Amino acid sequence: MSAESADRNSSARAEGLEKFTKPYDPVETEQRMYAGWQEGEAGKKRGGYFNPDNLPEELTAQNGKPFTIIMPPPNANGSLHAGHAVFVAIQDLITRFRRMQGYRALWLPGADHAGFETQVVYERQLEKEGRSRFGMDPDQLRDEIMAFTLHNKSFMEGQLRELGASCDWSREKFTLDPEIRKIVYGTFEQLHKDGLLYRGKRSINWCWKHQTSLSDLETESTEENSPFYYFNYGPFTIGTVRPETKFGDKYVVMHPDDKRYAEWKHGDTFETEWINGPITATVIKDEAANMEMGTGVMTITPWHSAIDFDIAKRHNLDMEQIIGWDGKLLPIAGEFAGMRIAAARPLIAKKLEEKGLLVKTDTEYKNAVKRCYKCNTVIEPQIKDQWFVSMKPLAQKAIEAIERDEVVFYPEHYKKIVLHWLTNIEDWNISRQIVWGIPIPAWYRGDEIAVGEEPPAADDGKGEWIKDPDTFDTWFSSGQWPYATLGYPAGEDFKNFYPTQVMETAGEIIFFWVARMIMLGIYRTGQVPFKDVYLHGLVVAKDGSKMSKSKGNVISPIELAEKYGTDALRMGLIIGNTPGTSTALYEDKIKAYKHFANKLWNIARFIFDNSHEQQQAGTLPPAPETDADRALWDEMTALTADVTKDLEEYRFYMAGEKLYQYGWHRLADEIIEESKTIFAASSTDVSDPAAYSRRATLRLLLSQLLKMLHPFMPFVTEEIWCAMPEHTAKLIVTPWP
RNA sequence: GCGGGCUUAGCUCAGUUGGUAGAGCACUCGAUUUACACUCGAAUGGUCGGGGGUUCAAGUCCCUCAGCCCGCACCA
């Protein structure tokens with residue numbers, strides 16, 4: 001080390017810059033930084049700089065408009081995964097960018113009790129302990145899950161802090177908060193008043209293992225090979241893959257235009273031998289019968305098929321339950337009673353064959369089988385009294401708003417996907433037979449139904465009201481999240497921050513959540529809940545495969561952050577991540593951005609070593625003074641315009657890459673290298689015009705780069721920024737250039 | 001059946017309104033007691049899935065074919 005640089009280092013040490021002589025240490029820096037931001041300035045409200053009410057006047061003076069992102073509330077039933085890390089990286093980037101632009105930026109955090117999801121997780125835990133929710137006292141179960149959820153919630157919030165999330169903790173909401181429940185109940189009551197909510201016997205998706213109904217979105221269809229049997233049924237041949245449902249069949253359905261059966265009239269009856277003896281069957285003509293399918297003739301089982309249910313409704317036919325809630329055949333099945341479907345099916349077919357009723361079996365037949373998305377159990381359609389929301393009118397309003405671009409999707413093509421789904425929407429079953437959720441505020445007495453948190457008075461002598469035992473589909477409450485968290489309808493935040501600007505979430509939950517928020521938001525508030533929807537893709541392993549525990553390829557974002565720094569993790573999740581497409585996450589990538597953080601650190605060290613004394617002595621010009629340096633500044637100005645535009649138009653990956661390129665390959669590799677020659681030639685002579693101008697220019701370029709990189713890499717940029725005496729305010733509240 | 005997407009360097013992917021093909025990683029060669037080995041320089045590597053069209057100009061727009069992937073609905 002030369003005597004000269006030894007001098008510089010000693011002066012740096014004197015100024016508290018000695019940490020720059022060592023590599024950047026994220027672990028040491030991050031906690032201290034986050035606490036500093038969260039404290040903000042003395043005498044302000046809770047939440048520090050994350051609370052938009054606390055932003056310095058100098059920052060908001062030019063703009064001051066609200067800018068809101070509602071955080072997708074993570075399910076409070078585990079730790080944060082890579083998908084959460086992506087949303088933190090993107091949403092915090094947007095929030096910090098807008099805050100620096102002078103918006104009163106609010107990023108509102110929350111947590112989701114996640115009804116069925118959480119109950120399933122907890123049931124697995126019970127199973128490990130050799131317990132089961134069935135037979136448990138519901139209150140006891142609810143208390144246990146509550147304790148479990150609250151524990152996870154606070155754990156998860158700690159992890160969000162580790163990831164640098166600059167969300168306003170003073171406004172945090174939980175889906176089970178009393179004020180949230182009140183709004184959810186209000187919506188239920190309003191839908192009821194408006195005739196958009198009905199309770200009725202309808203065909204529902206029943207999972208016997210979980211003992212609950214599920215929405216269509218909570219089931220998954222897989223194509224499976226199932227034998228297709230042809231049976232003689234009186235004068236007809238019928239086809240079926242489900243002989244186990246056929247015990248009570250007494251209707252035979254064909255298309256009215258099917259010429260093969262023209263001699264049969266609607267309502268004709270005939271006697272026939274069937275599984276457990278002779279029956280009388282009735283001919284039904286209905287257009288739902290497909291003439292191309294099988295023989296064009298089918299028998300129907302309204303209790304266990306949505307299509308058959310509709311036919312039965314149209315013709316007012318009898319409906320009978322064949323399969324119990326436990327997934328086993330009922331006494332109507334005779335000797336097969338108590339058996340499970342899979343076991344009974346071939347035996348029933350065999351019995352029919354022995355009776356000479358089997359015509360043939362098509363073993364190549366493939367059909368779609370619906371399964372529970374959690375436990376893969378085959379869904380049994382059942383008829384049950386449930387609450388349904390009439391979706392068509394709600395969807396219509398949403399379609400109109402989306403077509404008018406009141407909500408804009410990134411990537412664009414999601415507009416078509418959403419419109420297609422909304423156009424073909426079915427009514428939504430919001431009743432769930434699980435304890436973990438918001439209880440449905442409804443009461444019954446005979447055929448009477450009352451809606452409200454409290455039962456109607458029962459002093460008329462007609463008996464007591466009975467509470468609906470079910471809970472809401474968790475998406476019914478989270479679908480109201482934007483206006484519920486802001487205190488609809490009278491809250492100050494609702495007036496100030498609704499409608500919000502951006503909804504950033506996973507493309508996977510576009511129907512579950514985003515589409516429903518748009519519908520319910522318009523319904524309840526008359527306005528769309530957000531202007532822009534940015535959808536990120538799935539985070540996958542390096543080889544493009546889905547991360548899963550069973551494959552053992554799950555990468556914990558928290559571990560990566562602890563190993564390489566949160567900034568590195570975040571940069572790695574932003575660069576190369578385009579909306580709607582999946583992003584690969586792997587260690588080498590994050591490591592590369594740790595190197596970048598260190599590169600910035602060393603850029604700072606070089607600049608400090610060469611200009612700190614002059615800065616302290618006040619012998620630096622306020623702006624570049626040579627043509628060469630003015631050109632460098634113009635180049636930076638152009639980059640700034642470019643990056644700003646990219647960020648405003650949601651091209652985060654591109655803005656990040658440009659800043660990375662500039663920082664490493666322009667500023668470090670070229671500008672600093674060139675500066676070495678300038679400084680070497682000038683020695684310590686402060687009157688040398690080239691060196692005089694360059695020292696100041698380097699500090700200006702670094703400051704500008706730090707500002708633009710802050711939303712991407714908040715910690716290292718703030719740490720360097722605060723080491724520069726010319727900066728009085730923290731970087732987090734410094735105006736965007 | 002309805003709808004959406006992908007196909008660009010060995011790998012992962014960018015490429016914004018059409019204007020001379022880009023990055024990271026990997027690989028090869030070389031440099032360097034230094035702001036930084038968490039470094040620097042250089043080289044190699046692509047008929048942008050096939051074919052056709054529009055245009056002065058197409059990875060980009062249109063048509064068509066092929067392969068792969070995904071969503072929704074239905075399936076007696």
Side-chain angles (χ1 to χ4, degrees), chain A residues 1-2 5 8-9 20-24 216-217 220-221 223 226 228-231 233 237-243 245-246 249 252-254 288-290 292-301 305-308 311 365-370 411-426 507-508 510-511 537-538 540 542-544 564-565 568 572 575-578 580-584 586 588-589 591-610 642 645-646 649-651 653-654 657-658 660-661 664-665 668-669 672-673 675-676:
Chain A
M1 188 179 282
S2 67
S5 68
R8 281 182 195 140
N9 278 339
F20 286 93
T21 61
K22 288 186 286 214
Y24 173 59
D216 293 336
L217 289 177
E220 274 168 8
S221 293
E223 187 169 88
S226 321
F228 189 91
Y229 304 102
Y230 289 86
F231 298 119
Y233 190 78
T237 301
I238 58 150
T240 185
V241 289
R242 303 206 58 192
T245 63
K246 299 290 166 204
D249 287 8
V252 58
V253 183
M254 61 212 70
N290 182 350
E292 323 274 282
M293 185 85 192
T295 58
V297 182
M298 61 177 173
T299 61
I300 57 166
T301 314
S305 155
I307 292 275
D308 294 2
I311 296 171
Y365 187 76
K366 285 195 168 65
N367 69 337
V369 177
K370 264 193 191 182
E412 266 178 89
H413 73 259
Y414 269 87
K415 177 176 178 174
K416 285 186 188 171
I417 295 176
V418 170
L419 286 174
H420 183 254
W421 187 76
L422 287 170
T423 308
N424 297 298
I425 200 160
E426 296 290 332
E508 282 178 296
I510 180 90
F511 305 136
L538 207 63
V540 295
K542 190 175 184 178
D543 63 359
Y564 298 108
I575 293 185
N577 185 352
T578 50
T581 46
S582 56
T583 319
Y586 48 92
D588 278 355
K589 186 153 117 184
K591 202 167 149 189
Y593 293 110
K594 181 194 161 105
H595 296 176
F596 181 58
N598 194 56
K599 191 75 182 177
L600 281 177
W601 192 250
N602 282 292
I603 289 170
R605 178 182 172 188
F606 175 85
I607 293 175
F608 295 167
D609 279 353
N610 286 284
D642 215 13
K645 192 156 179 281
D646 284 338
E649 294 170 10
Y650 300 101
R651 291 186 297 268
Y653 55 100
M654 198 172 285
E657 207 167 303
K658 282 172 185 167
Y660 177 92
Q661 284 300 312
W664 197 310
H665 299 299
D669 291 349
I672 285 185
E673 286 306 316
S675 301
K676 285 181 186 170

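Numbered from 1 within each chain, the chains take letters A, B, ... in sequence-line order. None of these values were measured; they are calculated from a predicted model.
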Exercise. In terms of side-chain heavy atoms of Ile672(A), which of rA35(B), rU16(B), rC38(B) is nearest?
Worked result: rA35(B)
Exercise. Just to confirm, is there a sub-4.0 Å distance from OP1 or OP2 of rG5(B) to any side-chain nitrogen or oxygen of His420(A)?
Worked result: no
Problem set entry | Gap in Å between the two P atoms, one belonging to rG19(B) and one to rC62(B), rounded | 15 Å
Seminar exercise, completed: In RNA chain B, stems of three or more consecutive pairs, Watson-Crick or G-U, each with both distances under 3.5 Å, turn out to be B:1-7 with B:66-72, B:10-13 with B:22-25, B:28-31 with B:39-42, B:49-53 with B:61-65
For this session: Rounded to whole angstrom, note down the P distance from rA9(B) over to rA21(B).
Result: 15 Å
For this session: Could you work out the separation of rC11(B) and rU47(B) based on their P atoms and round it to a whole Å?
Result: 13 Å
Exercise. At under 4.0 Å between heavy atoms, what does Phe511(A) touch on the DNA or RNA strands: base, sugar-phosphate, or nothing?
Worked result: sugar-phosphate
Exercise. With sugar-phosphate meaning primed atoms plus P, OP1 and OP2, does Thr578(A) contact a base, only sugar-phosphate, or nothing at under 4.0 Å between heavy atoms?
Worked result: sugar-phosphate
Exercise. Given the P atoms of rC13(B) and rC70(B), what is the spacing between them in whole Å?
Worked result: 15 Å
Exercise. Looking at rG15(B), rC40(B), rA35(B), which one has an atom nearest to any side-chain atom of Glu673(A)?
Worked result: rA35(B)
Problem set entry | Nearest-Å distance once atom P is located in both rC48(B) and rU60(B) | 10 Å
For this session: Determine whether the side chains of Asn610(A) and Ser675(A) contain a donor N or O and an acceptor N or O closer than 3.5 Å.
Result: no
Problem set entry | Between rC40(B) and rU33(B) - C1' atom distance, rounded Å | 14 Å
Problem set entry | Selection from rA35(B), rA73(B), rA14(B) that lies nearest to any side-chain heavy atom of Asn602(A) | rA35(B)
For this session: Describe the nucleic acid contact of Lys366(A) in one word from base, sugar-phosphate, nothing, applying a heavy-atom distance below 4.0 Å.
Result: nothing
For this session: Give a yes or no on this: more than 12 heavy atoms of other residues, nucleotides or ligands lie within 6.0 Å of atom NZ of Lys658(A).
Result: yes
For this session: Would you mind telling me which of rC72(B), rU39(B), rA35(B) lies closest to the side-chain atoms of His595(A)?
Result: rU39(B)
Exercise. Given the P atoms of rC25(B) and rG5(B), what is the spacing between them in whole Å?
Worked result: 32 Å
Exercise. Should Tyr586(A) be listed as having a side-chain N or O under 4.0 Å from OP1 or OP2 of rC25(B)?
Worked result: no
For this session: When you get a sec, tell me which of rG5(B), rG24(B), rA14(B) is the closest nucleotide to the side chain of His665(A)?
Result: rG24(B)
Exercise. For rG3(B), does OP1 or OP2 lie under 4.0 Å from any side-chain N or O of Lys416(A)?
Worked result: no
Problem set entry | Distance below 4.0 Å between Lys599(A) side-chain N/O and rA35(B) OP1 or OP2 | no
Problem set entry | P atoms of rC56(B) and rG18(B), separation to the nearest Å | 15 Å
Problem set entry | Separation of atom CG in Asp646(A) from atom P in rU16(B), rounded to whole Å | 11 Å
Exercise. Quick one: is rA14(B) close enough that its OP1 or OP2 comes under 4.0 Å of any side-chain N or O from Thr581(A)?
Worked result: yes
Exercise. Of Lys645(A) and Gln661(A), whose nearest nucleotide on RNA chain B comes first from the 5' end?
Worked result: Lys645(A)
Exercise. Is the closest side-chain donor-acceptor distance between Lys246(A) and Thr299(A) under 3.5 Å?
Worked result: yes
Exercise. Under 4.0 angstrom, heavy atoms only, what part of the nucleic acid is Val253(A) near: base, sugar-phosphate, or nothing?
Worked result: nothing
